[in-house]
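First comes the structure, then the notes that go with it.
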Protein chains: 4
Amino acid sequence: MKKISASIIGAASISAAFLMKFIARHKNVELKHAYSSSQAGTPVSSYHSFLTGIVDMEFETLDVKDMMFDDSDVVFIARPHGKFLDQSALMIKGAIHKKLGTKFIDLSADFRLKDVSVYEHWYSVRHHHEDLLETAVYGLPELYCDEIKDATLVANPGCYPTCAILSLAPFIANNIKHDGIFINALSGVSGAGIRPSAKNIAMNVSENIFAYKVGGAHQHTPEIEQELSNFSSSVKVTFTPHVAPFKYGIIQTTCVKLLEKVSASELRKIYEEFYKDSRFVNIIAAPDLPEVKDVVGTNFANIGIKVDNRTNTLVLVSCIDNVIKGAAGQAVQNMNIMYRFDEDEGLR
Amino acid sequence: MKKISASIIGAASISAAFLMKFIARHKNVELKHAYSSSQAGTPVSSYHSFLTGIVDMEFETLDVKDMMFDDSDVVFIARPHGKFLDQSALMIKGAIHKKLGTKFIDLSADFRLKDVSVYEHWYSVRHHHEDLLETAVYGLPELYCDEIKDATLVANPGCYPTCAILSLAPFIANNIKHDGIFINALSGVSGAGIRPSAKNIAMNVSENIFAYKVGGAHQHTPEIEQELSNFSSSVKVTFTPHVAPFKYGIIQTTCVKLLEKVSASELRKIYEEFYKDSRFVNIIAAPDLPEVKDVVGTNFANIGIKVDNRTNTLVLVSCIDNVIKGAAGQAVQNMNIMYRFDEDEGLR
Amino acid sequence: MKKISASIIGAASISAAFLMKFIARHKNVELKHAYSSSQAGTPVSSYHSFLTGIVDMEFETLDVKDMMFDDSDVVFIARPHGKFLDQSALMIKGAIHKKLGTKFIDLSADFRLKDVSVYEHWYSVRHHHEDLLETAVYGLPELYCDEIKDATLVANPGCYPTCAILSLAPFIANNIKHDGIFINALSGVSGAGIRPSAKNIAMNVSENIFAYKVGGAHQHTPEIEQELSNFSSSVKVTFTPHVAPFKYGIIQTTCVKLLEKVSASELRKIYEEFYKDSRFVNIIAAPDLPEVKDVVGTNFANIGIKVDNRTNTLVLVSCIDNVIKGAAGQAVQNMNIMYRFDEDEGLR
Amino acid sequence: MKKISASIIGAASISAAFLMKFIARHKNVELKHAYSSSQAGTPVSSYHSFLTGIVDMEFETLDVKDMMFDDSDVVFIARPHGKFLDQSALMIKGAIHKKLGTKFIDLSADFRLKDVSVYEHWYSVRHHHEDLLETAVYGLPELYCDEIKDATLVANPGCYPTCAILSLAPFIANNIKHDGIFINALSGVSGAGIRPSAKNIAMNVSENIFAYKVGGAHQHTPEIEQELSNFSSSVKVTFTPHVAPFKYGIIQTTCVKLLEKVSASELRKIYEEFYKDSRFVNIIAAPDLPEVKDVVGTNFANIGIKVDNRTNTLVLVSCIDNVIKGAAGQAVQNMNIMYRFDEDEGLR
């Protein structure tokens, strides 16, 4: 079978490194270009040293000509939010206009939020491409599998939102009365990128946990709310992210103040039904609960459900690998769906 | 100045090891006996190897004769909850009866809860010493300094309760209207003891976080509620503990659903006023927040305050060293208060 | 293509867990039985929770009848050294005798050492199956690929020996004059197993490194010496192992006192030539050196070469994942060679 | 008793932060100035957040006037090697010239090496202050206590050299015949400073170990050789440093090829005799060996001794806290000796 060809823009990022790892073992896809202006000319395996023996090519500079992508079937965009929004948009529109058939999977936040003013508020960037927001499909396969199948542009979800939405969607969709959703999220340090900063040096990360953007300041908040509000009107969440001393993974412990009685076992049935066709969601059987280590290196989202009867509070524990199900793995899952490959090809 | 003499029962525990370290550098106290039946005869520094060069004595067996404690001014009890309750009680009552003047600081939970039925419910142990519960003073110096001064028996608080009560007391004491307190707590692995178990092996702790006793099942819950309820009638909390991949420290992120408007800066003033005489509580100035690493190795409790105006939720972040302010350090602080030593002697 | 069937004895070990993970994604192999007497009846994914969503079967008890293995093409033995030597030997001999054609890959040390007296000295166990030592092929594919192809019994190498032999073989094979080989080895805590002990609790592993079996006391020493002595008469090494605060991986820094001049670049050429057909050995280009993190999760052995001209000392740095190239991955690589599958099938 | 006053130049470094912590609890010393041009005006506890509640002052700019130090008895210099050599030298010479009586403890390498050409070779910096090298005393109290007592300028040793010299000095001093010293050293990440870089980000440090400056390239090599050569002519060592995934501490495993027979117990007696008056050196009793965790937070150097009789190799294991005995603690120890304070004041 002929392989499709894939290119990655922003290939110096961690997410891109994992994309290359998954593509290298994908039986239907071949990596064509790894674009990174900052690293052009460097061997990929010299910069991402864990790809030694796995990826044997050099980073290339992206130029206008490449933007036509006549040699790439699918293009992954793994660049920072906002800064390259206009360039990405022009590129995508160009491919659509020329009917190249190229498919785009954007790992940034640029096409996730449907309301331009919400995007502009949280990201402090002007968004002049509202038209593409209709084209873009929010790439959470457990909710939008059918739309993803025929999408030209997939907006790959954020890491925290993936974990939060998957853990709350069945609950919200069932219209169980509640008042207050409090998401306590802990992310591994890979979430802080590989550019050295006070946020990611070992002296500040090891033997430590710190909260950041506390009090409704994290830009993933509106993304969680947008998607949950599709199930029920205007869901609001209190979202508190932290950096924890592990490299990969997210654990979220979410408290929901219940206004009606519902048992953990009833909820577990609801969740199992909701995700019965989802290859990558595991509802953990009581009395066990998800742990970070069990999802690291995988594309799984593991979800556990408890109810505190003393305070009538639902306590959800959910875990993903932030770089895999929260980024590169989910991007490959989306590609697999778009091209009718096995949903877990390259992700086993 | 003549030093007072101190003995420790249950000296093989981590808390006891830290007690010995603090006493070794305390200018007013001398360690007399380190009792441990399981380690009797072993050099203390061979078992607690980080005390090499610091403590030069052997563990001894505790027998009935020793229970008279005619050579100890103060006795620290650092044994497991419940199992030794009767023995501790008889020992304390004996000393009181004989008017030995011995003072006791018990690091277990056995004398913390004022309501015997609550203790029996949460610890699954019968409590036949209700009389001692009136004698016992809850040893949180920031709340009960005066009572501690003249106490014969101090019930040294639990680690999670110390962190939770200190972070919530000023808020509750000010009667700010609210509905729902959600405490998300993460403890270092020292909280799981040094007896090898699935809970504390590195393979299950490193690069991981796991929740445990979720859904109102942790025995520290009633201790938090008892103390906060002293400020306002019948406070209830949803408490979710986790083990995190660091050795020492606790971080608690607490969400309180507010029913009235109050700003973070107003609250910060209230907290600063409440703790203005407290040597060991730091209210962290905005925009900073407490981090685990800043309290490790110290007797400090650091507290940070934010308000999420979108959801009208108070978000408190509080940190302590679980073995120091959460156990051994607080025990020494209590001793210092009982004997009118400098409050931070041995704890600098 | 019809899959072959594989069974694992001692399936509760870490190595076995990784074997199951690799077999689950292997296109030519199907897992038939996961034998563990201690865990019989437990779902595999409940005990090895990181196999949730990957392995859906229960542990079984191994009994005499199973020993015939008429439904297994290949049997992996992942049990402790010595204790099950007799049982393994009878089982293997039985299969040979009955001409079942079953192939065995033993991850223990029981069939690695060719000299029974050496085995008995280092393992303090009597070895009554010298005949099988001739049958057994030492399963280091980079040295014994041809022998492995037709082996009935492969003795899968130890983790430290794999790393040490691969890093030293080309040097020794080239008969460069030297006097003294000093191997400083650091292993992740997975090497200490998952049975809770003082050696593997987080309190003793995190923020720590400790040496053990120092001074020629580690049983992997004779294994390293046996294999290197095949290239040159009676090689001796000073081997010092340590436990380091990471979960997976080994890094060895080996100093060899040189008696003749040789440059790092000459050696690098020798090594590249030696391993030119080896899929899983990377000679790291100067000035870079291997790091643990780059091999974790892979079947690679990465080797770096420096020479200290001031002291005329060769310094080799070599890294593997102790559970993969040092155990389960190498076992799968051996199976792939035995069955003419792609050498990296299941290991990508 | 009147306290002496101390000032610190280069107060934004980790070593300086620990100096401030130790001075804050020192009964004979008061911190006068914390100089840091880059952080001038910032509260010390805001930059070094673990000093919250401990140090309550601001960083100041160092200017020429301050260089007279008429208000400081002792000045700690904690600045990078080479860059400030001229400024330090002029400052020290000025104080000597004006007979201010100021004492200086320099934590950089600028006055450690007695041979200017060796310094210039290893540090690639011109050294125009050879006269001060005679004034400077190498501040390893276990070797130079008498000289330190009356020193005006103490060159505080490097972290690796402290650990290496203490572990090898008794052996070398006893003229035991040998041929080859191989020091394998692992340092916590604090040794890589707190300025964000690829060397100290958690993604490159956690779950990893990497060697650096391999092959006789680390500038601490000549410092080790200079000091050991005082005991025996021209000692040479092969020194291989690594960064390990812990924050604080050094462990060195040193192999010495012996040319005569000597037992571990004989050596242990020699070491105990050598260090019998040393408050901060512990010779660990067999069969135990030093571990990093036991020295972290202390000023101890722990040393363990084994002999591999198979290869006639001495194996030494030695541990210190790199920032304490390897920098700030040793500086305070030196100050204590210079001022006849208790040697462990501030260091308990």
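Here the structure is a predicted model, which means the values were calculated and not measured. Just so it is clear: chains get the letters A, B, ... in the order the sequence lines come, proteins before strands, and each one is counted from 1. Below, all heavy atoms of this structure are taken into account, side chains as well, without hydrogens, waters or symmetry copies.
The shortest distance between side-chain heavy atoms of B/L166 and B/K325 falls below 4.5 Å. No side-chain heavy atom of B/L113 sits under 4.5 Å from any side-chain heavy atom of B/D115. At least one side-chain heavy atom of A/N175 sits less than 4.5 Å from a side-chain heavy atom of A/S232. Under the 4.5 Å side-chain criterion, counting only non-hydrogen atoms from C-beta, B/K21 is in contact with B/L51.
Screening B/H121, B/H81, B/K213 for a side chain to side chain donor-acceptor pair (under 3.5 Å) involving B/Q219 leaves a single residue, B/K213.
Proximity to chain A among residues 263-271 of chain B is not found for any residue, judged by heavy-atom separations below 4.5 angstrom. Residues of residues 249-259 of chain A lying under 4.5 angstrom from chain B, judged on non-hydrogen atoms, are A/I251, A/T253, A/C255, A/K257 in numerical order. Listed in order of number, the residues of residues 291-307 of chain A that approach chain B to under 4.5 Å between heavy atoms are A/E291, A/V292, A/K293, A/K306, A/V307. Using non-hydrogen atoms only and a strict 4.5 Å limit, the part of residues 197-204 of chain B facing chain A consists of B/M203, B/N204.
Remark: the backbone N or O of A/H218 is paired with a side-chain donor or acceptor of A/T221 at under 3.5 angstrom. Although no hydrogens or angles enter the test, the distance criterion places a donor-acceptor pair under 3.5 Å between the side chain of B/D321 and the main chain of B/V323. Remark: the backbone N or O of A/P157 is not paired with any side-chain donor or acceptor of A/E223 at under 3.5 angstrom.
In this structure, the ring of B/F246 has its center no less than 6.0 angstrom from the ring center of A/F246. Aromatic pair B/F171/B/F274: ring centres not closer than 6.0 Å.
Chain A forms more heavy-atom pairs under 4.5 Å with one residue of B/G216, B/A244, B/C319 than with any other, namely B/G216. Contact count against chain A (heavy-atom pairs under 4.5 Å) is highest for B/I209 among B/V237, B/I209, B/V214. Between chain A and the options B/T238, B/D179, B/V315, B/T240, heavy-atom pairs under 4.5 Å are most frequent for B/T238. Of the listed residues (B/N208, B/D308, B/V317, B/N184), the greatest number of heavy-atom pairs within a distance under 4.5 Å of chain A belongs to B/N208.
Only the side chain of B/L289 comes within less than 4.5 Å of a heavy atom in chain A; its backbone stays farther off. Proximity to chain A is limited to the side chain of B/L186, based on heavy atoms less than 4.5 angstrom apart.
Residues B/E207 and A/K247 are not paired through a salt bridge, judged by the lack of any N-O separation under 4.0 Å between the basic side chain and the carboxylate. Between A/R112 and A/E227 there is no salt bridge, since none of the side-chain N atoms of the basic residue sits less than 4.0 Å from a carboxylate O of the acidic one.
Using the six-membered ring where Trp is involved, A/H220 and A/Y160 have ring planes that are perpendicular, over 60° apart on the 30 and 60° scheme.
A distance of 11.5 Å separates CZ of A/F239 from CZ of B/R310, quoted to the nearest 0.5 Å. One distance of note links OG of A/S15 with CD of A/Q330; it measures 11.5 Å at 0.5 Å rounding. Taken to the nearest 0.5 Å, the CD1 atom of A/I320 stands 14.0 Å off from the OH atom of A/Y248. For the atom pair OG1 of A/T311 and CD of B/E225, the computed distance is 8.5 Å after rounding to the nearest 0.5 Å. Considering OG of B/S318 and CD1 of B/I284, their distance stands at 11.0 Å, rounded to 0.5 Å. Considering NE2 of B/H127 and OG of B/S117, their distance stands at 11.5 Å, rounded to 0.5 Å.
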